[in-house]
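For reference, the structure is listed below as structure tokens.
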2 protein chains.
Amino acid sequence: MKKKQNVTLKELANALNLSVSTVSRALNDHPDISETTRNKVKQLAEKHNYVPNLFASGFRSHRTHILGVVVPNISHYFTTTVLKGILEEGENLGYRVIISESKNDEKKQSEMLQTMMQFGVDGVLLALSRKTKSVDDILKVINRIPLVMFDKVSSKIPCTQVVINEEEAAYNAVEHLINTGKRRIAIIKETEGSFNSEKRYQGYLRALSEHGLPIDEKIILSTEDISLTKGRMMANILLSLKKRPDAIFAITDSAAIGVIKALNKFKVKVPEEIAVVGFSNSASSTIINPSLTTVDQPGNKIGRTAVKYLIDEIENPKEDATTKTIEIKTNLIVRDSSFKV
Amino acid sequence: MKKKQNVTLKELANALNLSVSTVSRALNDHPDISETTRNKVKQLAEKHNYVPNLFASGFRSHRTHILGVVVPNISHYFTTTVLKGILEEGENLGYRVIISESKNDEKKQSEMLQTMMQFGVDGVLLALSRKTKSVDDILKVINRIPLVMFDKVSSKIPCTQVVINEEEAAYNAVEHLINTGKRRIAIIKETEGSFNSEKRYQGYLRALSEHGLPIDEKIILSTEDISLTKGRMMANILLSLKKRPDAIFAITDSAAIGVIKALNKFKVKVPEEIAVVGFSNSASSTIINPSLTTVDQPGNKIGRTAVKYLIDEIENPKEDATTKTIEIKTNLIVRDSSFKV
DNA sequence: CTGAAAGCGCTTACAG
DNA sequence: CTGAAAGCGCTTACAG
């Protein structure tokens with residue numbers, strides 16, 4: 001099939017007996033150009049459906065107006081809400097967005113960052129892959145272009161980081177359980193302390209200690225890859241204890257849902273015998289029965305905020321590295337799994 | 001912060017006392033270049049961490065190696081699995097991918113297509129926004145660059161289309177219900193016959209008629225925006241009928257889950273009194289209780305297939321328009337909502 | 001086997 | 001107010 005070629009400045013210039021420079025300026029509303037000329041040019045451009053070759057101009061000006069995003073997994077609901085925010089705000093501010101997945105693989109993550117750079121993106125948004133050992137490749141990026149991290153971050157990387165108030169959110173969740181009368185609260189967290197898991201765990205510990213409750217290692221469970229299945233397994237372990245917990249705080253919704261499934265199976269009453277709280281407010285949290293009390297993570301806002309900071313750094317380059325951390329507030333959403341009216 | 005500049009061909013050439021042409025050829029393994037030279041060049045390039053400016057070469061060669069994707073909504077689980085497939089396969093074949101959302105808005109969709117073209121993508125992957133009235137803007141795209149549609153397609157657009165066997169999948173789902181002894185099967189579909197809804201409806205009709213079952217308008221329900229809430233509402237309507245159905249086929253999982261929630265609420269036994277079947281095999285289908293019988297849509301495969309066809313069209317341009325439709329097979333996943341062991 | 005030169009489509013400092 | 005020209009970093013037909 002024959003593809004129509006795009007009209008170029010040169011063609012417009014020839015047709016109008018003007019120079020390429022003048023046509024370019026006319027289209028860009030340069031003040032030097034007379035209104036007559038400008039109108040003539042714009043009319044013809046309109047007529048021929050002229051679209052500027054962003055590639056040429058981007059190449060010329062060393063700016064591509066593309067942002068690169070690297071996330072561990074594109075199909076987590078929370079991640080999609082962040083991406084939506086990035087897409088929307090990026091677009092508002094005149095940027096296209098390239099999205100890629102690291103599949104939670106450090107090597108893959110480095111590759112993606114490399115390709116993005118090669119491609120000439122103006123800046124990068126990054127949520128770290130799990131178990132990222134070496135941050136060298138990320139530091140290399142920072143040396144060349146602005147980088148903003150979100151959600152899965154690391155203090156080893158000197159850049160702007162947009163996160164939620166992980167510690168406080170966990171604190172509030174656990175405090176809510178305490179307020180409903182629970183005294184023996186278990187936690188299910190990750191083995192290798194990721195940033196998020198670690199902060200949530202700290203919030204848990206602080207809530208217990210500030211309310212004078214003992215910390216019992218037996219009901220502090222860790223798992224490598226936290227998931228629904230693992231949640232179910234951990235619940236089985238907790239049910240087999242001589243002194244069962246009266247509440248379980250899982251640091252992800254999927255684990256919490258696994259917990260509820262296990263409790264349902266053994267006819268343990270939720271929340272009367274054991275209450276459950278998750279983290280993320282995923283779509284499934286209202287599908288499970290009883291519906292899940294959980295922390296709402298405002299993904300859209302996180303995405304928008306991260307983009308704004310990134311574009312600001314792109315458009316107003318600073319001499320020295322920015323290393324501020326922006327915390328986005330979360331809300332606890334109380335549902336039947338912790339408190340029935 | 002100071003950003004390091006990328007090394008250019010010219011700089012390498014100067015350092016080695018060679019011409020830019022030779023350096024370029026050496027790096028691209030051009031057969032003309034002597035091995036000695038090639039090695040020298042490659043070593044220096046390596047040392048200085050040379051990365052080619054894809055922008056410049058893409059610009060030069062009129063090829064950007066970027067694909068554009070436009071989908072109605074990035075956060076549907078099914079969509080993310082398709083995107084994963086696109087990302088993976090695209091990457092394998094050496095392409096980057098730009099993703100954008102039309103938000104089910106026709107105007108927005110046109111805008112996104114326009115920007116993608118302006119940006120110089122080599123090809124476009126499109127899932128149509130709901131209620132796309134005019135396909136003019138899409139035809140304009142086809143005139144310039146290859147376009148492949150998937151999932152939400154339209155016969156009005158002459159291009160390669162990758163879909164699932166919608167009609168057959170629905171037929172199989174309904175036949176399964178008939179095989180389990182159900183005789184009065186309701187359907188919940190969309191009011192405005194989208195491609196998908198229409199095909200699934202046809203499969204429903206064919207299953208009933210081929211098994212000699214009557215078609216009853218009273219249990220054929222339509223809704224504008226099919227959703228969990230709407231599924232719940234439709235279930236209420238069906239429960240209020242004098243002659244209740246003994247099975248409900250909802251053309252989306254979310255509606256099916258709404259149906260189950262309503263049935264649970266009214267203590268209707270699922271599947272004994274009323275069986276339920278959905279469509280998509282979304283994550284929530286195993287969270288709801290009883291777990292949902294549903295059609296598994298292989299999103300990853302759809303994405304991969306669509307990319308392959310698109311890249312083939314990019315790299316081997318044909319004289320005349322391709323208009324084939326590729327159907328990807330689906331499987332019915334039988335769970336407790338239709339058949340308990 | 002290597003180099004000089006043109007050109008991809010655009011922007012912009014310089015000149016008039 | 002308008003134009004000629006250089007240049008962004010690369011590739012490639014042409015010459016030697």
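Proteins get letters first, then strands, A, B, ... in listed order; numbering begins at 1 in each.
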Review point. With no hydrogens and no angle check, do the side chains of Ser21(B) and Ser24(B) hold a donor and an acceptor under 3.5 Å apart?
Key: no
Check your understanding: Think Tyr50(B) has a side-chain N or O under 4.0 angstrom from the OP1 or OP2 of dC10(D)?
Key -> yes
Please report the distance, rounded to the nearest Å, between [atom1] in [X] and [atom2] in [N].
| X | N | atom1 | atom2 | result |
| --- | --- | --- | --- | --- |
| Leu27(A) | dT12(C) | CG | C1' | 15 Å |
| His65(A) | dC10(C) | NE2 | P | 16 Å |
| His30(A) | dT12(C) | NE2 | P | 9 Å |
| Asn14(A) | dG3(D) | CG | C1' | 14 Å |
| Arg25(B) | dG3(C) | CZ | P | 9 Å |
| Ile33(A) | dT12(C) | CD1 | P | 13 Å |
| Glu11(A) | dG9(C) | CD | P | 8 Å |
| Lys10(B) | dG3(C) | NZ | C1' | 16 Å |

Revision key, fill the gap. Pairing partner of dC1(D), by Watson-Crick or G-U wobble and under 3.5 Å for both distances, is dG16(C)
Review point. Near Lys103(A) NZ, under 6.0 Å, is it more than 12 heavy atoms from other residues, nucleotides or ligands?
Key: yes
Practice item. Kindly check if the number of other-residue, nucleotide or ligand heavy atoms within 6.0 Å of OH (Tyr95(B)) is above 12? Key: yes
Review point. For Pro31(A) and Ser21(A), take the nucleotide of DNA chain D holding the closest heavy atom to each; which residue's nucleotide lies nearer the 5' end?
Key: Pro31(A)
Point to revise | Nucleotide nearest Asp32(B) when distance is taken to its side chain, options dA4(C), dT12(C), dT2(C) | key: dT2(C)
Review point. From dT11(C), dG3(D), dT2(D), pick the nucleotide closest to the side chain of Ser19(A)?
Key: dG3(D)
Exercise for review: Name the nucleic acid region contacted by Ser34(A), choosing base, sugar-phosphate or nothing; use a 4.0 angstrom heavy-atom cut-off, strictly under.
Suggested key: sugar-phosphate
Check your understanding: Touch check for Ser24(A), heavy atoms < 4.0 angstrom, all strands: base, sugar-phosphate only, or nothing?
Key -> base
Check your understanding: Looking at Ser134(A) and Glu106(A), what are the two nearest heavy atoms and their distance?
Key -> N-OE2, 2.8 Å
Study note, to complete from the structure: The residue, Thr8(A) or Thr22(B), whose nearest nucleotide of DNA chain C is more 5′ is Thr22(B)
Point to revise | Salt-bridge contact Glu35(B)-Lys42(B) (side-chain N to carboxylate O under 4.0 Å) | key: no
